[in-house]
*Asks:* 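My questions will all concern the structure given below.
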Amino acid sequence: MASQSVLTPQSTDFPRWYQDVVAKAELADNGPVRGTMVIRPYGYAIWERMQSEIDTRIKAAGAKNAYFPLFIPESYFSKEAEHVEGFSPELAVVTFAGGEELAEPIVVRPTSETVIGGFMAKWIQSYRDLPLLLNQWSNVVRWELRPRLFLRGTEFLWQEGHTAHASYDDASAYALKIHREVYDDFLLNVLATPSYLGIKPPSERFPGAVNSMAAESVMRDGKALQMVTTHEFGQNFAKAFDIYFQSEEGQAELCYTTSWGASTRLVGGLIMAHGDDAGLILPPRIAPTQVVVICVRDEPEVKEAADRIARELVDGGVRVEVDQGRGSYGRRVTDWEIKGVPLRVEVGPRDLAEGQVTVARRDTGSKSSYALEALATEVPTLLETIQSDLLARALSHRDERTHDVTTIADALDAAKDGFARLAWDLVVGEGEGELNAQAVSVRCLQRQDGSIPRSDEEDDLICLVSKSY
RNA sequence: CGGGAAGUAGCGCAGCUUGGUUAGCGUGCCUGGUUUGGGACCAGGAGGUCGCGGGUUCGAAUCCCGCCUUCCCGACCA
């Protein structure tokens with residue numbers, strides 16, 4: 001009966017633990033081609049929840065969904081010099097199709113700035129057409145040499161927003177709005193994965209961007225994961241694709257564009273930000289199943305009670321699944337723990353005799369009894385408590401793992417199991433090279449008060465450095 | 001792409017050094033029964049191109065060559 005660990009403990013081998021969770025929680029499998037991924041139903045359900053939460057926020061920010069093609073003429077890529085240079089090593093290119101060599105090779109999109117830029121040029125005539133706020137949900141292909149499920153793959157799913165504006169300030173303000181009101185809000189309030197928001201140093205900037213913003217979250221092993229990214233392109237893409245508009249004064253002027261994305265990498269971040277040795281821990285707001293009602297015994301009275309409870313909870317807006325009670329209790333509980341379902345409502349003959357049920361939290365492991373009549377009101381409250389406890393736990397973990405330092409040597413030391421925060425002036429130039437030599441990178445730049453700078457030229461910036469996925 | 005390790009049943013592994021009949025174990029799966037409040041037990045059973053291709057040999061999971069895939073460390077990377 002003694003329960004032995006089903007997963008490799010995090011402290012033994014964190015990457016192995018991650019792979020065990022992905023496999024045993026039935027999230028994903030490797031595809032037959034290197035770097036490709038099969039997302040299994042439970043993993044995809046998590047992604048769908050993410051999509052729904054992000055999509056709602058994107059629409060609230062005013063952007064509209066559209067769809068652009070997977071195939072892009074190679075010539076489009078050559079139009080923006082830095083962009084093509086940055087992406088060419090990762091491109092998959094179709095040169096043969098329909099039984100013959102193609103006159104012009106076709107690129108499988110690694111991102112869609114180029115095609116969308118072409119259509120922005122066509123659709124934008126006057127300042128009245130601005131801002132143009134687009135988003136698309138799609139797959140992209142970037143040939144990866146070292147793939148990891150969810151975290152980095154040759155093909156992945158994401159959302160990419162693309163906008164065009166009449167002024168630098170408007171573009172910049174909108175990018176900031178997306179970064180805060182869509183991404184940071186989602187990370188904080190849904191995933192409970194607090195991030196460091198900031199701008200990327202020039203060395204880490206998106207090819208073709210004048211500014212890239214990031215949200216860097218701290219994983220349980222202290223490494224950083226870039227959760228999302230937002231870019232300002234200035235007029236770089238507008239120049240390359242002739243995205244002009246006629247101003248109120250009748251002048252032809254170049255637009256300012258932005259793009260921003262969040263991908264299935266978020267699933268990997270979710271796993272590594274909250275999971276423990278027993279498996280996944282899902283915050284209630286993202287969990288596809290928030291409550292599993294477990295029949296402790298495979299008996300008719302127990303099942304009836306479980307179904308009744310489940311119906312009540314569903315009516316209250318809770319996402320519920322019923323475990324019918326086949327197989328041993330311990331085995332089933334362990335399986336639900338691996339899957340990270342936030343709450344287990346356990347119904348057995350003993351409970352029913354006393355008109356109560358046993359409720360177990362996944363995050364703390366604690367169990368307590370609730371009267372049957374109280375469940376419908378108590379469960380939603382309990383779910384919200386778990387949500388905020390997970391956020392609090394993640395916040396304190398982030399702070400524990402972050403150390404203020406004043407030298408590169410101390411930064412390297414701190415980066416062994418977390419983040420170092422230090423003056424950007426100490427790092428810029430040679431210092432960054434020293435860090436990089438030890439696989440430590442500058443994750444983002446912030447102002448002294450932690451806010452997002454508008455450019456890396458600002459005085460007195462600080463930076464967060466760490467190892468990363 | 002460089003360095004290292006590995007690929008044998010769904011998963012985890014042994015066998016390989018020193019080639020030799022029907023390729024094993026744990027777990028999972030199926031059937032029946034007993035069970036069921038923290039990975040249950042007994043009995044029976046199904047499941048394998050030994051990663052792929054080629055070579056050596058009378059004979060290859062085992063030896064040799066090439067390729068593919070996975071993992072780790074780098075390089076690279078919104």
Side-chain angles (χ1 to χ4, degrees), chain A residues 1-8 13-16 18-20 23-24 26 29-36 82-83 85-91 110-113 140 142-149 151-154 156 158-162 175 179 199-200 203-209 211-216 226-233 258-263 265 278-279 294-299 302 323-338 344 346-353 357-358 360 365 367 369 436-441 444 467-469:
Chain A
M1 280 293 202
S3 119
Q4 56 184 20
S5 68
V6 183
L7 309 167
T8 305
D13 185 342
F14 194 83
R16 182 75 183 271
Y18 177 81
Q19 289 171 83
D20 284 354
K24 299 244 166 88
E26 303 181 338
D29 257 329
N30 281 304
V33 171
R34 181 182 169 76
T36 61
E82 281 184 30
H83 192 68
E85 192 191 329
F87 273 110
S88 57
E90 305 181 69
L91 294 184
T111 177
S112 303
E113 276 76 8
V140 283
R142 298 177 187 182
W143 219 252
E144 284 294 347
L145 301 171
R146 193 181 166 187
R148 318 189 59 172
L149 285 170
L151 300 175
R152 191 189 293 113
T154 281
F156 57 91
W158 76 346
Q159 143 283 312
E160 50 176 324
H162 296 268
H179 210 62
I199 63 174
K200 283 289 178 186
S203 58
E204 306 262 336
R205 217 177 259 155
F206 180 83
N211 186 32
S212 290
M213 287 181 275
E216 300 283 334
Q226 179 173 329
M227 304 292 272
V228 298
T229 180
T230 302
H231 311 290
E232 296 171 53
F233 295 121
T258 78
S259 79
W260 23 281
S263 72
R265 167 181 278 192
I294 295 190
C295 301
V296 172
R297 300 295 187 94
D298 185 4
E299 295 167 4
V302 171
D323 180 319
Q324 293 291 343
R326 299 204 165 272
S328 80
Y329 167 82
R331 174 51 189 269
R332 290 180 285 129
V333 165
T334 308
D335 284 346
W336 289 113
E337 282 177 341
I338 292 173
R344 296 196 309 274
E346 306 189 345
V347 188
R350 253 166 23 211
D351 293 304
L352 293 179
V357 291
T358 304
K367 287 185 182 181
S369 296
N436 289 347
Q438 312 265 332
V440 174
S441 57
C444 67
K467 295 195 175 186
S468 69
Y469 282 98

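Keep in mind that this is a model prediction, so the values were computed, not measured. Every chain is numbered from 1, with letters handed out A, B, ... down the list of sequences.
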*Asks:* Just checking, is any N or O donor in the side chain of Ser259(A) or His231(A) under 3.5 Å from an acceptor N or O on the other one?
*Replies:* no
*Asks:* What about Arg146(A): does its side chain form a donor-acceptor pair under 3.5 Å with the base of rG2(B)?
*Replies:* no
*Asks:* Please work out if Pro110(A) contacts a base, only the sugar-phosphate, or nothing of the nucleic acid, heavy-atom cut-off 4.0 Å.
*Replies:* base
*Asks:* Is it the case that the ring center of Phe206(A) lies less than 6.0 angstrom away from the ring center of Phe87(A)?
*Replies:* yes
*Asks:* Roughly, in whole Å, what's the span from CZ in Arg326(A) to P in rC29(B)?
*Replies:* 14 Å
*Asks:* Which base, if any, makes a Watson-Crick or G-U wobble pair with rG26(B), both distances under 3.5 Å?
*Replies:* rC11(B)
*Asks:* Closest nucleotide of RNA chain B for Tyr329(A) versus for Pro207(A): which of these residues is on the 5' side?
*Replies:* Tyr329(A)
*Asks:* Just name whichever nucleotide pairs with rC52(B), Watson-Crick or G-U, keeping both distances under 3.5 Å, else none.
*Replies:* rG66(B)
*Asks:* Rounded to the Å, how far apart are Asp20(A) CG and rU27(B) P?
*Replies:* 19 Å
*Asks:* Is it the case that the side chain of Ser468(A) and the backbone of Ser441(A) share a donor-acceptor pair, with hydrogens and angles ignored and the cut-off at 3.5 Å?
*Replies:* no
*Asks:* Could you check whether any side-chain heavy atom of Arg344(A) comes within less than 4.5 Å of a side-chain heavy atom of Lys367(A), counting everything from C-beta outward?
*Replies:* yes
*Asks:* Base, sugar-phosphate or nothing for Gly261(A)? Non-hydrogen atoms, less than 4.0 Å.
*Replies:* nothing
*Asks:* Please determine, for the side chain of Arg152(A), which listed nucleotide (rC77(B), rC71(B), rU36(B)) has the closest atom?
*Replies:* rC77(B)
*Asks:* What nucleotide, of rG37(B), rU70(B), rG74(B), holds the atom closest to the side chain of Ala439(A)?
*Replies:* rG74(B)
*Asks:* Does Thr154(A) have any side-chain contact (heavy atoms from CB on, under 4.5 Å) partners at least two apart in sequence or in another chain, and if so, which?
*Replies:* Val141(A), Trp143(A), Glu144(A)
*Asks:* Measure the distance from CD on Glu26(A) to P on rG28(B) and round it to the nearest whole Å.
*Replies:* 15 Å
*Asks:* Please name the nucleotide paired to rG47(B) by Watson-Crick or G-U wobble geometry with both distances under 3.5 Å, or report none.
*Replies:* none
*Asks:* Got a donor-acceptor contact below 3.5 angstrom from the Gln159(A) side chain to the Trp260(A) backbone?
*Replies:* yes
*Asks:* On a heavy-atom basis, which atom in Lys467(A) and which in Gln438(A) lie closest, and how many Å separate them?
*Replies:* CE-O, 3.8 Å
*Asks:* Which value, in whole Å, describes the distance between the P atoms of nucleotides rU35(B) and rC42(B)?
*Replies:* 15 Å
*Asks:* Rounding to an integer number of Å, can you tell me how far Asp335(A) CG sits from rG28(B) P?
*Replies:* 11 Å
*Asks:* Between rU21(B) and rA60(B), how far is it from one C1' atom to the other, in whole Å?
*Replies:* 14 Å
*Asks:* Is there a donor in the side chain of Tyr329(A) and an acceptor in the side chain of Glu346(A), or the other way round, less than 3.5 Å apart?
*Replies:* yes
*Asks:* Is the closest basic N to carboxylate O distance between Glu337(A) and Arg332(A) below 4.0 Å?
*Replies:* no
*Asks:* Could you please name the option among rG37(B), rG38(B), rC77(B) that lies closest to any side-chain atom of Arg344(A)?
*Replies:* rG38(B)
*Asks:* Can you tell me the pairing partner of rU34(B) across any strand shown, Watson-Crick or G-U wobble, with both distances under 3.5 angstrom?
*Replies:* rA40(B)
*Asks:* C1' atom, rA14(B) versus rU8(B): distance in rounded Å?
*Replies:* 10 Å
*Asks:* Side chain of Val296(A), heavy atoms from C-beta onward: which of rC13(B), rG37(B), rA75(B) has the nearest atom to it?
*Replies:* rG37(B)
*Asks:* Say we look at rG44(B) and rU57(B): how far apart would their C1' atoms be, to the nearest angstrom?
*Replies:* 42 Å
*Asks:* Arg148(A) has an atom CZ; how far is it from atom C1' of rU70(B), in whole Å?
*Replies:* 12 Å
*Asks:* For Pro15(A), which contact category applies under a 4.0 Å heavy-atom criterion: base, sugar-phosphate, or nothing?
*Replies:* sugar-phosphate
*Asks:* Does Asn436(A) reach a base, just sugar-phosphate, or nothing at all? Heavy atoms under 4.0 Å.
*Replies:* sugar-phosphate
*Asks:* Across the strands shown, which category fits Asp13(A) at heavy-atom distances under 4.0 angstrom: base, sugar-phosphate, nothing?
*Replies:* nothing
*Asks:* Which nucleotide sits closest to the side chain of Leu145(A): rC1(B), rG74(B), rG38(B)?
*Replies:* rC1(B)
*Asks:* Given that Gln19(A) and Arg265(A) both sit by RNA chain B, which one's nearest nucleotide is further toward the 5' end?
*Replies:* Gln19(A)
*Asks:* Could you tell me which non-hydrogen atom of Ala278(A) sits nearest to which non-hydrogen atom of Leu7(A), and how far apart they are?
*Replies:* C-CD1, 3.6 Å
*Asks:* Between rG12(B), rG38(B), rC77(B), spot the one nearest the side chain of Arg16(A), thanks.
*Replies:* rG12(B)
*Asks:* Any idea which heavy atoms bring Gln324(A) and Asp298(A) closest together, and the distance?
*Replies:* O-OD1, 3.9 Å
*Asks:* Hey, is CD on Glu85(A) packed in by over 12 heavy atoms from elsewhere, all under 6.0 Å?
*Replies:* no
*Asks:* How would you label the contact of Gly35(A) with the nucleic acid (heavy atoms, under 4.0 Å): base, sugar-phosphate, or nothing?
*Replies:* sugar-phosphate
*Asks:* By nearest atom, which of the nucleotides rU70(B), rG37(B), rC72(B) is closest to the Glu346(A) side chain?
*Replies:* rG37(B)
*Asks:* Under a 3.5 Å cut-off for both contacts, is rC71(B) paired Watson-Crick or G-U wobble with anything, and if yes, with which nucleotide?
*Replies:* rG4(B)
*Asks:* Would you measure the distance from the P atom in rC11(B) across to the matching atom in rC71(B) and give it in whole Å?
*Replies:* 14 Å
*Asks:* Could you check if a side-chain atom of Trp336(A) sits within less than 4.5 angstrom of a side-chain atom of Ile294(A), using non-hydrogen atoms only?
*Replies:* yes
*Asks:* Could you state the CZ-C1' distance from Arg34(A) to rC71(B), rounded to the nearest angstrom?
*Replies:* 10 Å
*Asks:* Using Watson-Crick or G-U wobble geometry with both distances below 3.5 Å, tell me the partner of rA60(B), or none.
*Replies:* none
*Asks:* Atom NZ of Lys200(A) to atom C1' of rC77(B): distance rounded to whole Å?
*Replies:* 11 Å
*Asks:* Distance between the C1' atoms of rC65(B) and rC25(B), in whole angstroms?
*Replies:* 32 Å
*Asks:* When we call it a touch if two heavy atoms are under 4.0 Å apart, what does Thr111(A) touch: a base, just sugar-phosphate, or nothing?
*Replies:* base
*Asks:* Which whole-number value in Å describes the distance from Leu352(A) CG to rU36(B) C1'?
*Replies:* 15 Å
*Asks:* Between protein and nucleotides 30-35 of chain B, map the contacts as a letter string: B base, S sugar-phosphate only, - none, heavy atoms under 4.0 Å, written 5' to 3'.
*Replies:* ------
*Asks:* Could you give the distance separating rG4(B) and rC50(B) at their P atoms, to the nearest angstrom?
*Replies:* 28 Å
*Asks:* Look only at the side chain of Arg152(A) and the backbone of Arg146(A), and say whether a donor-acceptor pair between them is shorter than 3.5 Å.
*Replies:* yes
*Asks:* Would you state whether a donor and an acceptor, one from the side chain of Lys367(A) and one from the base of rG38(B), lie under 3.5 Å apart?
*Replies:* yes
*Asks:* Categorize Thr358(A) for me: base, sugar-phosphate, or nothing, with a 4.0 angstrom heavy-atom threshold over every strand shown.
*Replies:* base
*Asks:* Collect all protein-nucleotide pairs involving nucleotides 4-10 of chain B in which both atoms are nitrogen or oxygen and the distance is under 3.5 Å.
*Replies:*
none

*Asks:* With a 4.0 Å cut-off on heavy atoms, is Arg350(A) in touch with a base, just the backbone sugar-phosphate, or nothing at all?
*Replies:* base
*Asks:* Using a 4.0 Å heavy-atom cut-off across all strands, classify Phe156(A) as base, sugar-phosphate, or nothing.
*Replies:* base
